[in-house]
Amino acid sequence: MGEPEREARLTPWLLVSITLCVFGNSFLFGYNIAVVNSPASIVKAFYQQTYLSRDGIETVYKNKSLYYTSIDNVTTTTLAANVKTTQKTTTVVIVPTGPGYNTSTNDTNTDDNKAPTVVDPYLAKSADEIADDNFIELMWSITVSLFVFFGMIGAFASGKIADTFGRKKGMVIITFIMFIAAIFGGVASVAKSPECLMLSRVFVGLHNGVCVSLASLYLAEISPKKIRGAVGTCHQLFITIGILWSTILGLRELCGNWNGWPYLFAFNALPALVCLILFPLCPESPRYLLIKKNDEDGAKKALIKLRGYNDVEDELEEMRIEARKASSIETFTIKQLLTTPELKLPIIIAVIMQVAQQWSGINAVMSFSSFILEQANVADDSIPYVIVGQSTINVLATIVCVPLMEKLGRRPLLIFPMVGMVLSFVVLTISLNLLQSGNFTEHKSTLAIISICAILAYVIGFAVGLGPIPFIVVSEIFRQEPRAAAMSFSLAFNWICNFVLQLTFRFIQKGIGSYTYLIFIVILVASIIFIVIFVPETKNKTFDEVAQSIAFGRQNRGQPFRQDAEEMQPMGGGQKV
């Protein structure tokens, strides 16, 4: 039987390495998913103001609207003192036309019992006009989705960077990109350039696309086997913490206002600076040093530092075996991955899991929840605080997920929370339709609260199931040789689906309104059926047992499975690298 395994400990250097890795990478990924949410209406007003200015029309921002700065030599000060308040009536008196006059009309029905409405001659664009402007909406959707598109490019490059520079050094090198992103985001308002903000999102996407993969690899490779699953979940936990922090900074009292929103995008420099200064002090992945660089002495020193004891020969021997095995096998390419018959079903499972994660609607909820809450008639002043509450629950639910992962298994934590997500979207759809029908005005507050609860229930379901589990399952249904290629290929689908959703969601929402969530319901139901039929339980199973459970056709043809020492090890706590 051999000696019992030494008890896994969270040593000081292991804790520091994990913390710096997730703070400089996972945290920033979550932060940039949600940072566009709270200031969305303000930034769109800035876009509108900039494009008007380029046409020679200067405006000032007030009460979510844009006002002309001058009309026939009327100064801004005079304007502020004389802007009229539009009253709700049915008769409209159109003011004389001229430079800077708004001559739009509302309802031409005349009623002697109603006072006339004077169209404000100083109003350039109302908040509703800005929100309904499809060009501005397109520019904003592009700004949001550039992060995802270039994240996909970064994800494709991550494998090469990881093998060329190493896991830790790769993350340190790519950190420099975040300073460029912070500069472009911070100067966008001063430079009066939406393009600066778009460039900021490009660089943020490149950084996060690379580092999401590198961080996952690094965490898996520095962790003791028995706590590898829990350490891997720290990646998802800090993504949710990043989302929460962005919603807190996005409050109007902090940075979610006309003067403060650029600081939201400049903030990226702070975690990047911490990572750049401190992360080089942490050890490189021992597995990378021994298996990829053949540096056994460096791997031993890194292991001793991480484990807190000198006798690390057992782990080194495991790495030597893997290194010998890897040296006899050619690198598994994407083409080989797609043309190997026995991997067809695992590849389909991997791709469907990533598609289900993104097209379940989570990033629509995170990036556009302010618009969803507007649909639910939640008061404008309350929306930022509801979003903070939503993000807090997301963090708490992810914390709960850590011990449940090894107690309940992967399948139950996927299937049952996904059923809850479906029910949440059903309730949200019904409540939004009742609100917008106009027949339940006396229950407006109640229906708004029900909508908020439905969104929160959905977030909890995702945080427990579809959030962390697809990454773990994908790593567990493949043997060692094709695992890296399979992870890269499936992550590409994750980013592509995210990009399509971010780019189109607001237009779908405008087009079909409260019925938007029926699309996500259909996708979730189809995904649940697929998981029930095809996705195996991988907890505490060997690689060989998982392979048999999904390659059901091959065993009937009498083709034996190759079994070796590595494949007979239980998966237990997560990704085996």
Side-chain angles (χ1 to χ4, degrees), residues 27-47 64 127 130-131 136-137 139-148 151 181 185 188 194 197-198 200-201 204-205 208 239-258 260-268 358 360-376 378-395 428 451-452 454-456 458-459 462-463 467 498-499 501-510 516-517 520:
F27 174 86
L28 280 172
F29 177 58
Y31 180 85
N32 284 287
I33 287 174
V35 71
V36 293
N37 192 359
S38 296
S41 61
I42 295 174
V43 179
K44 287 199 289 185
F46 162 71
Y47 278 23
K64 299 185 180 180
I130 295 170
I136 297 298
E137 195 66 67
M139 291 298 100
W140 179 241
S141 295
I142 289 173
T143 303
V144 173
S145 55
L146 279 172
F147 163 71
V148 183
L197 185 55
M198 292 179 186
S200 174
R201 299 289 288 174
V204 163
N208 288 168
I239 290 175
T240 63
I241 292 173
I243 293 171
L244 173 60
W245 182 243
S246 72
T247 61
I248 293 173
L249 281 187
L251 293 173
R252 291 190 184 98
E253 294 84 353
L254 297 176
C255 297
N257 51 63
W258 183 255
W261 68 262
Y263 294 107
L264 290 171
F265 300 96
F267 173 80
N268 284 307
Q358 290 304 318
S360 67
I362 184 59
N363 281 330
V365 171
M366 289 300 174
S367 296
F368 297 104
S369 57
S370 57
F371 298 108
I372 296 173
L373 294 169
E374 285 175 10
Q375 277 188 309
V378 178
D380 287 348
D381 292 340
S382 301
I383 286 176
Y385 301 98
V386 174
I387 294 173
V388 170
Q390 167 188 297
S391 301
T392 302
I393 289 175
N394 192 20
V395 172
L428 180 62
S451 299
I452 293 171
I455 292 172
L456 296 180
Y458 169 87
V459 169
F462 181 87
N498 194 350
F499 172 73
L501 181 64
Q502 298 275 15
L503 188 61
T504 61
F505 177 72
R506 281 289 290 143
F507 295 100
I508 295 172
Q509 197 179 37
K510 281 187 173 184
T516 301
Y517 311 100
F520 300 132

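All values derive from a computational prediction rather than experimental measurement.
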Practice task
Go through Met139 and Lys44 one step at a time and tell me if the side chain to side chain contact (heavy atoms under 4.5 Å, CB included) criterion holds.
Solution key: CA-CA 9 Å; Met139 291 298 100; Lys44 287 199 289 185; over 6 Å; no

Exercise for the section: Could you tell me whether the side chain of Arg201 and the main chain of Phe147 form a donor-acceptor pair under 3.5 Å? Expected result: no

Can you name the closest pair of heavy atoms from [X] and [Y] and give their distance?
{"X": "Pro39", "Y": "Trp261", "value": "CB-CB, 4.2 Å"}
{"X": "Asn257", "Y": "Gly260", "value": "OD1-N, 2.7 Å"}
{"X": "Ala463", "Y": "Asn394", "value": "CB-OD1, 3.3 Å"}
{"X": "Ala131", "Y": "Glu137", "value": "O-OE1, 3.6 Å"}
{"X": "Phe265", "Y": "Gly185", "value": "CB-CA, 3.8 Å"}
{"X": "Ser141", "Y": "Ser145", "value": "O-OG, 2.7 Å"}

Problem - Sub-4.5 Å side-chain heavy-atom contact between Val36 and Thr143 - result: no

Reported [atom1]-to-[atom2] distance for the pair [X] and [Y], which is rounded to 0.5 angstrom:
{"X": "Ile239", "Y": "Leu28", "atom1": "CD1", "atom2": "CG", "answer": "11.0 Å"}
{"X": "Ser360", "Y": "Phe520", "atom1": "OG", "atom2": "CZ", "answer": "8.0 Å"}
{"X": "Ile33", "Y": "Asn498", "atom1": "CD1", "atom2": "CG", "answer": "7.0 Å"}
{"X": "Ile243", "Y": "Phe27", "atom1": "CD1", "atom2": "CZ", "answer": "10.5 Å"}

Exercise for the section: Quick one: sort the Trp140 and Tyr47 rings into parallel, tilted or perpendicular, breaks at 30° and 60°. Expected result: perpendicular

Practice task
Begin with the C-alpha distance, continue with both residues' side-chain angles, and end with the deciding distance and a verdict on side chain to side chain contact (heavy atoms under 4.5 Å, CB included) for Tyr458 and Leu428.
Solution key: CA-CA 10 Å; Tyr458 169 87; Leu428 180 62; over 6 Å; no

Exercise for the section: Take Asn268 and Asn32 through the test side chain to side chain contact (heavy atoms under 4.5 Å, CB included) and record every step on the way to the result. Expected result: CA-CA 8 Å; Asn268 284 307; Asn32 284 287; 2.9 Å; yes

Handout entry: Which residues share a side-chain contact (heavy atoms from CB on, under 4.5 Å) with Ser246, sequence neighbours left out
Key = Tyr31, Ala34, Val35

Exercise for the section: Apply side-chain contact (heavy atoms from CB on, under 4.5 Å) to Tyr385 and list each qualifying residue two or more places apart in sequence or on a separate chain. Expected result: Leu251, Glu253

Completion exercise
Contacts of Ser200 meeting side chain to side chain donor-acceptor pair (under 3.5 Å) (sequence neighbours excluded), chain-then-number -> none

Exercise for the section: Run the numbers on Leu254 and Ile248 for side chain to side chain contact (heavy atoms under 4.5 Å, CB included), then give the verdict. Expected result: CA-CA 8 Å; Leu254 297 176; Ile248 293 173; 4.1 Å; yes

